[in-house]
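Chain letters run A, B, ... following the sequence lines, proteins first and then strands; every chain starts at 1.
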Amino acid sequence: MIISLTTDFGLGDGYVGAMKGVISGIAPGVPLVDITHIINPQDLGGAAYVLWTAVPYFTEDSVHLVVVDPGVGTARRAIASRTPWGVVVGPDNGIFTYLWAAARPDLTVALENARYCRTTISSTFHGRDVFAPAAAYVAAGLPLEELGPVVSDPVTLPLPQMEIGSRSIQGEVIYIDHFGNAITNIGRLIWEGPVLHLDPAFGTTEARMINASRVTVRLPGRIVLPNRGGPTNRASHSDIGRIHRTYGETTQGELLALVGSEGMLEIAVNQGDAARTLGLRVGTPVELVEPGEGD
Amino acid sequence: MIISLTTDFGLGDGYVGAMKGVISGIAPGVPLVDITHIINPQDLGGAAYVLWTAVPYFTEDSVHLVVVDPGVGTARRAIASRTPWGVVVGPDNGIFTYLWAAARPDLTVALENARYCRTTISSTFHGRDVFAPAAAYVAAGLPLEELGPVVSDPVTLPLPQMEIGSRSIQGEVIYIDHFGNAITNIGRLIWEGPVLHLDPAFGTTEARMINASRVTVRLPGRIVLPNRGGPTNRASHSDIGRIHRTYGETTQGELLALVGSEGMLEIAVNQGDAARTLGLRVGTPVELVEPGEGD
Amino acid sequence: MIISLTTDFGLGDGYVGAMKGVISGIAPGVPLVDITHIINPQDLGGAAYVLWTAVPYFTEDSVHLVVVDPGVGTARRAIASRTPWGVVVGPDNGIFTYLWAAARPDLTVALENARYCRTTISSTFHGRDVFAPAAAYVAAGLPLEELGPVVSDPVTLPLPQMEIGSRSIQGEVIYIDHFGNAITNIGRLIWEGPVLHLDPAFGTTEARMINASRVTVRLPGRIVLPNRGGPTNRASHSDIGRIHRTYGETTQGELLALVGSEGMLEIAVNQGDAARTLGLRVGTPVELVEPGEGD
C-alpha cells in the first residue's frame, strides 16, 4: 500500500503539500512517494509517457494520484481507473493513455460522489479538493464503485504509431529525458544474441527481427556544434551506423543509438545531451533503415 | 501522524537528507513528506505564504518542520507552536505569521531544553541540530512544554492589508506561484451565485459584496509583449473587465482575474505566465474598481 | 528502518518513481525518503561529498540506495556495503569514498546473486533492475552475505589532502552548495573558546591549533563584480582576515570564512553567493596563513 503523486505543480509552491495534508487526514500512515512534480505545465503527452515508465513497477494495491489538469473547472470528467499496477486517479484528459495501451483497465469510474470530495470544491484546485480525497479513500479501502458511475469512453491521446516498411521502420521522438536522451516509439526491442526482436509496444501487430550491427538509424540532421555563438553547421541528416547495447561500448561525447530501459529505441550522446546537440524534439522523425540485399 | 519539511536548502545538497536522518533516528516509522525545499533563500514572506497554503490541510497530530533561517547562529529564538493543523517548529522570525493570523496558536515555546537537541550544535545548521530533533521528539509524543519556556511575543511579519474604499478595494500581489499566477491579498472571496462575497482574510473587518461580471481589476501596466528582443509596448495600466470562475471560461493566452484556491484574487494568463507577461512582482498594487451608480 | 534515495536522475522523469515502485513491492511499508536526485550527472565526487553530509545522520538499520552510474552496462561491479549508518547500495565507482574514510565498513559484497535482481535486467537502468531490488531485500531483512561474494578492493576516489606547513595549511574547494558556499577540505575544525582545533578529517594525522581571529584565509582572486556586462575587476588574490563563528557576525553582502556544518572551512557571502562572486570552483586552492612571530 503506497500512494504516488505526479503533477505539473512545480516544486516551489504549497500545492503539493496541501494534497499531502488532505491525504494524510483520510489515509493516515499510508506512505506517500513523489514520482515527479515538474511535468511541463499542461503537457499531457509528457505526463502519459512518464507514468508509463514508472507506474508499471508498482504493485496492484498502490494508488497513483496524477494532476496535470489544464481543463480544471470545465466539464472534463474526473476519473479513477483500476490497472494491474494500482488505481490511477486524475482528470479524464488522456494522461493514462500509455498505461491503458499497456494493459486494458478493469474498471474506470467518474468521481461524482460528493461524499468523497472536500466539502468546498474550488474551481481551480481539484487536485486538493477532488483527486487527493478520492486517492486517499481508495487507499483506505473504499471500493472504486463507490466513487461514481462507470466510464466506458475515457479520453485517450493518439498513440504515435510506427510505420513498418519492407526495409525501414519509421517512428518519432516521444520524450526527451533529463539527460537529453531522445526516446522514440520504435519498440519494444528485445536483444536475442546479436539480433533485436521488435515486439510492437503500441498497437502495431507486425513483429520483426533487426540486425543491430547492420541497421542505420537516420535522424533529420540539425547538428548544433558546441561552439555557441559561432556559425552553426547544419547537415541534411545524421546517420548512426548501428544500435549499441550500452553507453559503455562508446567513448565520451559519441552519438549512439541504443535500446532504452523501456525497450524503446533511444538516441543518446555518451555523457552528453543528445537532444540539445542534435536539435531533437518530441515529434522529430526517426527511421531505422536496413541494408538491401545487394548492400 | 506525519512530519512535513519546508526549507530554503535547495534540492541538490545533503542538508535535507541529514535532517531526515536525524528525525528517523528519534521518531522511527513516522512518515516524512516534503512540502518544498526551494523557498527563495531567506524569503520569510514567501515561506509564510507557502505554509499558509499547505499546513491548514493537515490534521492536528502533524508536525511541520520549517527551516528558513537567515539569522542562524544569532540570538534569534527557536520555537515550536501548536496550531489546529499540528505543531510548527522553526526559527522565530515571522515565517508562521499567516498561519497565526488564520488561527491563534494554543501555545508557543522556545526550544531551550538542550536534552532535545543534538549533543553538538553547529553555529550554521540548526535545522539538523535543533529543529529536526525537536520536531521528531514532538512527533514521538513529547509534550510541547518540555521543550522550553512559553513565548508570549513571537516575531510576526507585517500583514499586507486591503484598503477598502467606497467604490474600490486596493491590495497588492503577495506571491507569484510556479505557473506565474500572481496571488493578491484581496480575499477571501466566496462565490454566492454570480456575486462574490468578500470575507476579509487578514485582519480587515469590513465585508463586502462584489458583482464579479461588472467589477474592473486594475493593474499598473507594464505589458511585455511576447516578441523577445523586439520593442516592448508599455501601457500605463492594464484593466481586466471581470472576475472569472475558472481558466476554462477563457481562451489560451487570455489574461484573466479569478478566485484562487485559497479564495484570494489572482491574476493569471490561460496556459501562460501572468507575472512575466505583465511584470508583476510581490508588492505590485492591484485594485478592484466597482462601477459608479451612473455607469 | 528507512530507505533513502540519491541519484543523478533529475526530478522530471519516471526513473525515480520506477525505483520506488520496485522497492515498495519487495519491502512494503518501509518509508522512503529522497536525499537528492540532482547530483550533477555522473559527478562521482559530488555524490561522495553529499552522501558524507547526509548518511552519517541515519541509524544503523537504514538502507541508502545511490545511483550515480556512468559505467552502467560495463563490467563495473555493483556493491552493498555495511556502515555504522546503514547499508549503502550502488555501483562500485568511488561514490562511497568519503563515507568509508569516515568509518571503515564491516563488509562489502558484490550484487551477483540473480535471485535478488529483477528477472530481466536492462543494460541501461541498473538502478531499477539491480540496485533497487537489492536495497529493498536488505531492508526486508536479507543478510548482506546472500547478495554475493565479499569485495575486498572496492573502488575509491583520491581524497583531497591538506598540506600542513609550519605557518600555513593548504587545501582546496571540494564542494559548492546550493547557497553558493564553497566548502573546503580544511577540517575538521572544532571551536575551543576563541581558538580552533584542527582535527584532520581525511587521512592527515597532524593536528593543530589555529587562532581564528588572527589567521588569514587566502583565495586566488577573481573578483567578479555584480555589475554584469560591465568591466570586471580582477584581483590577484582575496584575503579574509579571520574565521567567523556565524553569518550573524557579519553584514549582508560581506565575504566571510567560517566553520561549516561538517566542521570544514567554508567560504561564504552573507545572504549572497560566494562561488559566483569569487569564481570559486571544486579544486580551487584555499590557504590558511598564520601570522609569523614578528607579525
Which answer fits [X], side chain, backbone, both or neither, if we ask what part of it has an atom under 4.5 Å from a heavy atom of chain A?
X: Val259(B); answer: backbone
X: Leu258(B); answer: side chain
X: Tyr175(B); answer: side chain
X: Leu5(B); answer: neither

**Item:** Atom CD of Glu146(A): over 12 foreign heavy atoms under 6.0 Å
**Value:** yes

**Prompt:** Hey, mind stepping through Val155(A) and Arg76(A) against side-chain contact (heavy atoms from CB on, under 4.5 Å) and telling me if it holds?
**Reply:** CA-CA 10 Å; Val155(A) 173; Arg76(A) 70 97 187 85; over 6 Å; no

**Prompt:** Could you give the distance from CD1 (Ile23(A)) to CZ (Phe131(A)), rounded to the nearest 0.5 Å?
**Reply:** 12.5 Å

**Ser4(B) OG to Leu51(B) CG distance, which is reported to the nearest 0.5 Å** = 7.5 Å

**Message:** Determine whether a donor-acceptor pair (N or O, by modelled atom type, separation under 3.5 Å) exists between the side chain of Asn270(B) and the backbone of Tyr247(B).
**Reply:** yes

**Request:** Indicate the ring-plane relationship of Phe9(A) and Phe179(B), choosing parallel, tilted or perpendicular according to the 30° and 60° boundaries.
**Result:** perpendicular

**Request:** Check whether Asp129(A) gets within reach of chain B through its side chain, its backbone, both or neither, counting any heavy atom under 4.5 Å.
**Result:** neither

**Prompt:** Contact part of Val30(A) toward chain B, heavy-atom cut-off under 4.5 Å: side chain, backbone, both or neither?
**Reply:** neither

**Message:** Between Ala75(A), Gly21(A), Pro41(A), Ala132(A), who has the most heavy-atom pairs with chain B when the cutoff is under 4.5 Å?
**Reply:** Gly21(A)

